[in-house]
Structures are given as C-alpha cells and as structure tokens.
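Please read these numbers as outputs of a predicted model, since none were measured by experiment. Residue numbers start from 1 in every chain, and the chains themselves are labelled A, B, ... in the order their sequence lines are given, proteins ahead of strands.
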Amino acid sequence: MARLLSEQELLRRESLNKLKGLGIDPFPAAEYQVSHYAKDLSTQYSEGVDGFENVCIAGRLMTKRIMGKASFAVLTDSTGDLQIYVNRDEVCPGEDKAMYNDVFKKLLDIGDFVGVRGHMFVTQTGEISLHVKELTVLSKSLRPLPVVKTDGDGNVYDALTDPEIRYRQRYVDLIVNPRVKDIFRKRNRVISTMRRVFDEAGYMEVETPILQPIPGGAAARPFITHHNALDVPLYLRVANELYLKRLIVGGFEGVYEFAKDFRNEGMDKTHNPEFTVMEIYVAYKDYHWMMRFVENLLEDVALAVNATTDAVIGANTVSFKAPYARVPILDAIKKHTGLDLAGKSEHDVREAAKSIGLEVDDSMGKGKLIDEIFGEKCEEHYIQPTYITDYPVEMSPLCKKHRDNPELTERFELMVNGKEVANAYSELNDPIDQLERFEDQLKLSAKGDDEAMFIDQDFIRALEYGMPPTSGLGIGIDRLTMMLTNQESIQEVLFFPQMRPEKFESVAGPEEFQAIGVPKDWSAVMVQAGFHTVASLLEQKPAGLHQKLNGYRKKNKLDLPALQLELVESWFNA
RNA sequence: GAUCUCUUAGCUCAGCUGGUAGAGCAAUACACUUUUAAUGUAUGGGUCCAGGGUUCGAACCCCUGAGGGAUCACCA
C-alpha cells in the first residue's frame, strides 16, 4: 500500500530527512516541560511586568513571516495563539547558524510542533510576543495544512469550509477553525453543569446496557447486532428508560445517565444515527416537580455556557430564565387550529386532521394523529421555552394517566425555538396498566406502525415488585447544544458525525514494479510519473512507455540511468 | 427515497459561445533585523470527481456512477 504524494508532501518528507541529517530527531520522545500556556502569556503579560524573563511554551507553528535575520511566527497551543520572535543571532549565538538558517527558515513548516524558551516583550506594533532564545523541534507535520488567515478587522481568508473535509477530517477543522473548538467546549459545559446539578441534588450517575435483548423505552427502529457466544440477536439501545426505572425499583432515590442512543432512521441536519440523551429518574416526584427542576437546570446550563440566560438562535433570542409557560397540548391545538379535540373519538380526530389538510392513514391511532396535528400546526409557534403538557394516553405508553382525566397522561415536552428538547413524565408504575399499554402497542404494531414498542416482560416483573411514584426526564444533549451554540446542524455539535465510508485510493508500491523487472531506482518514481498501478503501466505500448519515462526523467532532471527499450519491453513479458 | 445543485492546484475560487486551464494564499529560490492577510522578484505545482457518449476538438454539451450541500418526504 502506498499513497500518491503531492509535491508539498514530498518536500516535507525531504525536510524530515534533512532534520535527521542534522542530528535532530523530528519525533523526539522526551517530555517537554512548559512554564506557561499561550493564553496565560497574552493575558497576563504587558510591558514592564516582571516574571516573564524566562518562559517556555509549546505548540503548533501556524504562520511564519521571515525577514532575513529575524522572523515572526505564530505558535498555537491548546489555549490559543502567541506570536514568537526568532532572531538568528539569539537562537544561534555561536558561528553555527544552522538552527536558524536551515532548521527554522527552511525545514520547519506550518503545522510542525515546536517548543520555545525566551522572554516576553511587546513589539513596535504593540503585539505581545515571545523573544526566542532556544527552539526545540517536537514533532514534524508531513501534510500541508490549509492556511487560514485573519486580518486586523477579523476578516477570514481562505477558511476551510468544505463540510466533507471538515467532518471527515475533524482534526483539521479543529486546528484551522478555532470557533469549532469553542462549540465543543460549550457542549462539555452543558454536560458538566448538568452533572454538577444532579450530583449536588444527591442523584447518582449510572451506566446501563447499550446491547439490549429488547430495544425498549422509545418508539424507534433499532440497529440489530448478534452475539456469537450466546447466539442471540441483540439490539443497540434506542433508550435507557426501562433500565433506569428498574434501578428506581431497586431503591435508588435518583439515577441519571448520559447515554448514547442509536436509531436506525434517516439522517439529516437534526438526526444522527447515534446521539446523546440525558435521562434522569427521581423517586417520589411528579411531572410538576420536574418542570420546576428542568427550568432551573436549563437556566443554570445556559448561564454556565454563555454567561447569560439569553440564547441567540438564528433570528430569535430565547430566554432560558425560569419559569417557563405551561400549555396543555389540546389547548395549544385549539389556539392554533381552532379545533377542540377534548373527549373526541379517534374517528373525529382523524376527520379533524383531514379538515386542516393533513395526510392521514388508517395505521395512525388517535395519539399519533394528535401528535401530527401539533407537529404540523403548533410546534413552530413555541419559540420561548414552553412546556406542552397532558398528552393523550395513546402516544405515551410509559406515562402515568392524568390524575384528573384518564384520557390524558402526566407528560410534558419542552419546546424551545419551535423544537422539542426535553420529554418528561410522571412515570407509570402500575404494572397492570403498563402491561395493557404494551398490549395496545402490539395492536398498533399489527396495524402497521413499525415503531410501536415491544413488550418487556422483565420490566413488567420489576414493576410488580413495586416502584415508588417517580418522575423521569430525557433531554437531547445534541439539540440543546445546538441551541446554546446557535448551530443549525447536528453535525456541527458532534465531533465525528456519521458519514458514508470514505474510499481511499492507493497506488502500487515500488516492490510491485520491481516484480515485473523495473530497476529499483526507477520503481520509486513510477507512481510520481503517473503510473499508479502495474496494470496502468502495462496498458501502454512498450515504445510509447519508453519515451514517456525517459521524457519524465529528462523533465525532472532525475539522477537515474536512462531506460533501454529492450528493458521496457521485457516488463511486458514478465 | 425524490427534486435541485455542486465537485477545477494543499486552501478559497475564476474559467465567456466547446479550442486540452488561471488568480490569491500556501510551496520553492533569492533579498530583507520588530512584522502581522509582512513585502519585493523569480519559479514550480493540475487524472479539471470517475466512466462512457457527441464532436475535428470537451473542465464546458449529453448519459451513467460516486461523493458533498440544499429543499421535501420519512423519522419523536
């Protein structure tokens, strides 16, 4: 296996070898101790401040501006950028100027890792910089990095924008587009803030199975895999709800899990096959308590992420400041469509859905119809955080019936910017009711709803031992992060969004050419000469090939013996 | 899955009515001791996504395919 190298890559490999020739290890093993980070230096230092006479940082070289015996460069570490000033006679105090003239000016490229030691100063143009006394090569970069430049007004030139490269090679995106790092730092703040709130409340983080014999807890198509030793199918979880409730049965007061869930469905800018959901279950609480808990939680999260409860999402500004409005779903439908569905039969609801122009079919039960009406006509209106409450019983098979109306459930979804971010219940803990609801799901399944849930007998058994009244919540971490970072697509808040597998083109190695009789020194240049495989070589006519190769030799002034026609002809007989 | 659209140098992009390619940055060489999108001069760099077709001639027109993006459908 080999890969076609660009001119720039070949040059960098040459530089690598020249470094070795100078006795410099381009990939040294030793620890490199830094005294500061770039951000420390650029924020703490100013002209005349003591304590910066001998500082040391390490990072990636991002620009080089060479002016004869002096150069400026930008070094980027995990905290940010710092300009360094490299002067020939400072870096090379003796007669030997190789470290500057050769190593720094020629053999080091943008993307290489170096460590520098020196003192801080401010340039004539007012930029805080490190005056380098000692330069250490830490790691060579063999591929040219896209060079993104930003001018004094903050205009960005030649930014890497191609989504395919950005997502497939996220490491390049992260190197070159600093804002991308901020998105992921904010994502981390979302998670760490939630974890802190839960831990302070005394709830316990737990882990539950990802490989499940029955994919329960949500209406979704699962991924199927197979366990060899047991010889059984297993499913990647679509939710962890049923396992967390088993733990409440087992006696924990509150449990939560940041879970990767997997759903074998379409991909678009709000759906990735694997995604992160935080689910939490707390004993002796109901959904009213949970609403108060969630609004306080999200206020904390928004503050931790953006230092304000206001979040700009596209053209809207959303306030996460508690409390949030509460609207029963049937009131929402009445308000936005004029339809009063309270107490209506499935037939009436279907007719109502048709009356406002929705496409319906017979596989849709009453719950799904109401969900459709809400999704089509109402959802978009809820920009500010709003709890939509009291969903019909049919679309919530794991949720307790409403204490005042058995047709409804004690459920809410939190809508923000017209989209769902959280879903919570007073959890159903009556095992007899739960079994009936599962059986209703089976009927839906028989009608053709391929997302209806399976019956989880072990879960029923657990409930039969008794589960305290419990409220549960799920929050889509990806979507919440999208909102708090003002990103339109889920791919922007996932490090490695799912993509079609990439095809890597490989070219023949020198030994493959040698196998048909190509001389060793010639075999090394065949690929560069345009013959990526032995087969492509042999498609040529011998005389033409002979001409082309010797032409290539002449054009590139290669230090190789010219090929004889008889030799080229012999390759075709090998 | 449907429709539209894009794919040209390491990156961002031009490329007219069909005449086998250009710019800026990056790279290479030289000059230059406080620059900052450093500058000046010179140079190299391309399977124009892939495969077919039309044509004397295709980056360009047609077909097929691959990949990306957008919209819609599906999907809590």
Side-chain angles (χ1 to χ4, degrees), chain A residues 4-12 14-15 62-74 81 83-90 100 105-106 109-111 121-127 129 131 141-168 172 176-177 218-221 238-239 261 263-273 275 277 359 367-368 371-372 374-375 379 391 395-396 411 413 415 419-423 449-451 474 476 479 488-489 491 499-503 505 507 530-532 536 555-556:
Chain A
L4 187 64
L5 299 175
S6 69
E7 182 197 28
Q8 288 191 47
E9 288 179 287
L10 291 169
L11 280 162
R12 285 183 178 220
E14 266 177 42
S15 298
M62 294 305 285
T63 70
K64 269 202 311 189
R65 294 185 290 278
I66 295 172
M67 288 155 297
K69 280 177 262 182
S71 300
F72 288 91
V74 170
D81 299 337
Q83 175 167 277
I84 62 171
Y85 171 72
V86 184
N87 182 299
R88 186 189 70 189
D89 298 324
E90 302 266 356
Y100 182 77
K105 275 172 71 174
K106 293 183 182 167
D109 294 300
I110 288 172
F121 76 113
V122 176
T123 63
Q124 288 179 3
T125 48
E127 175 117 356
S129 308
H131 188 126
S141 163
L142 294 181
R143 283 199 191 235
L145 220 43
V147 177
V148 179
K149 295 203 169 187
T150 307
D151 69 17
D153 300 328
N155 299 316
V156 178
Y157 300 84
D158 300 333
L160 174 69
T161 54
D162 182 345
E164 176 157 12
I165 300 177
R166 289 189 49 233
Y167 301 152
R168 283 192 197 279
V172 175
V176 140
N177 295 324
R221 276 193 287 265
V238 295
D261 287 345
R263 297 187 183 177
N264 205 343
E265 290 162 353
M267 287 164 56
D268 58 38
K269 64 180 181 181
T270 58
H271 295 82
N272 195 64
F275 59 101
V277 177
E359 281 187 30
K368 188 144 189 166
D371 193 34
E372 287 289 315
F374 181 80
E379 207 171 59
Y391 283 65
M395 55 191 291
S396 312
R411 171 181 182 180
E413 286 195 351
M415 311 300 303
K419 301 205 177 64
E420 175 204 340
V421 279
N423 184 18
D449 185 343
D450 58 1
E451 296 175 348
R479 291 192 186 170
E488 288 190 355
S489 86
Q491 285 81 12
M499 301 192 76
R500 282 196 170 79
E502 188 177 3
K503 281 185 194 135
E505 302 224 344
V507 296
F531 301 102
H532 297 180
S536 70
K555 186 183 170 200
N556 293 282

Counting side-chain heavy atoms from CB outward, which of [options] is closest to [X]?
| X | options | value |
| --- | --- | --- |
| Asn87(A) | U33(B), A38(B), A73(B) | U33(B) |
| Asp89(A) | G69(B), U33(B), U36(B) | U33(B) |
| Ala70(A) | G69(B), U71(B), U33(B) | U33(B) |
| Tyr157(A) | C75(B), A37(B), C11(B) | A37(B) |
| Arg500(A) | G69(B), U12(B), G68(B) | G68(B) |

Could you give the distance separating [M] and [N] at their [atom1] atoms, to the nearest angstrom?
| N | M | atom1 | result |
| --- | --- | --- | --- |
| C48(B) | C6(B) | C1' | 14 Å |
| G1(B) | G44(B) | P | 47 Å |
| G19(B) | G15(B) | C1' | 14 Å |
| G53(B) | G67(B) | P | 24 Å |
| U35(B) | C13(B) | C1' | 28 Å |
| C25(B) | U17(B) | C1' | 32 Å |
| C62(B) | A26(B) | P | 38 Å |
| U12(B) | U8(B) | P | 8 Å |

Original post:
Is the base of U35(B) touched by the side chain of Gln83(A) through a donor-acceptor pair closer than 3.5 angstrom?
Top reply: yes
**OP:** Kindly say whether, by distance alone, the side chain of Thr123(A) makes a donor-acceptor pair under 3.5 Å with the base of U35(B)?
**Re:** yes
Subject >> Results of salt bridge (charged side-chain N to carboxylate O under 4.0 Å, His left out) for Glu420(A) - residues two or more places apart only >> reply: none
Protein-nucleotide distance ([X], atom [atom1]; [N], atom [atom2]), rounded to Å:
| X | N | atom1 | atom2 | result |
| --- | --- | --- | --- | --- |
| Met395(A) | C75(B) | CE | P | 13 Å |
| Glu14(A) | G44(B) | CD | C1' | 13 Å |
| Arg263(A) | C74(B) | CZ | P | 18 Å |
| Leu10(A) | G10(B) | CG | P | 12 Å |
| Leu5(A) | G45(B) | CG | C1' | 14 Å |
| Glu164(A) | U7(B) | CD | C1' | 9 Å |
| Met67(A) | U36(B) | CE | P | 8 Å |
| Met267(A) | A70(B) | CE | C1' | 15 Å |

Could you tell me whether the side chain of [Y] reaches within less than 4.5 Å of the side chain of [X], counting heavy atoms only?
| X | Y | result |
| --- | --- | --- |
| Lys149(A) | Asp158(A) | no |
| Pro146(A) | Val172(A) | yes |
| Glu413(A) | Phe374(A) | no |
| Arg263(A) | Phe275(A) | yes |
| Arg65(A) | Gln83(A) | yes |

Answer with base, sugar-phosphate or nothing: what part of the nucleic acid does [X] contact at a heavy-atom distance below 4.0 Å?
| X | answer |
| --- | --- |
| Asp162(A) | sugar-phosphate |
| Thr150(A) | sugar-phosphate |
| Glu420(A) | base |

**OP:** Using Watson-Crick or G-U wobble pairs with both distances under 3.5 Å, give me RNA chain B in dot-bracket, 5' to 3', with [ ] for crossers and | for pairs to another strand.
**Re:** (((((((..((((.....[..)))).(((((.......))))).....(((((..]....))))))))))))....
Subject >> Any Arg65(A) side-chain N or O less than 4.0 Å from OP1/OP2 of A38(B) >> reply: yes
**OP:** For U12(B), take OP1 and OP2 only and decide whether either is under 4.0 Å from a side-chain N or O of Thr161(A).
**Re:** yes
When you measure from the side chain of [X] to the backbone N and O of [Y], does any donor-acceptor pair fall under 3.5 Å?
| X | Y | value |
| --- | --- | --- |
| Arg411(A) | Met395(A) | yes |
| Lys64(A) | Lys105(A) | yes |
| Asn177(A) | Leu160(A) | yes |

Subject >> Nearest-nucleotide comparison on RNA chain B, the residue closer to the 5′ end among Pro163(A) and Asp268(A) >> reply: Pro163(A)
**OP:** Please step through side-chain contact (heavy atoms from CB on, under 4.5 Å) for the pair Lys269(A) and Gln491(A), ending with a clear verdict.
**Re:** CA-CA 7 Å; Lys269(A) 64 180 181 181; Gln491(A) 285 81 12; 4.3 Å; yes
Original post:
Base, backbone or nothing for each nucleotide of nucleotides 20-30 of chain B, written B, S, -, heavy atoms under 4.0 angstrom, 5' to 3'?
Top reply: ----BSBSS-S
**OP:** Walk me through it: do Met415(A) and Glu379(A) pass the test side-chain contact (heavy atoms from CB on, under 4.5 Å)?
**Re:** CA-CA 7 Å; Met415(A) 311 300 303; Glu379(A) 207 171 59; 3.0 Å; yes
**OP:** Check the side chains of Glu90(A) and Tyr85(A) for a donor-acceptor pair under 3.5 angstrom, ignoring hydrogens and angles.
**Re:** no
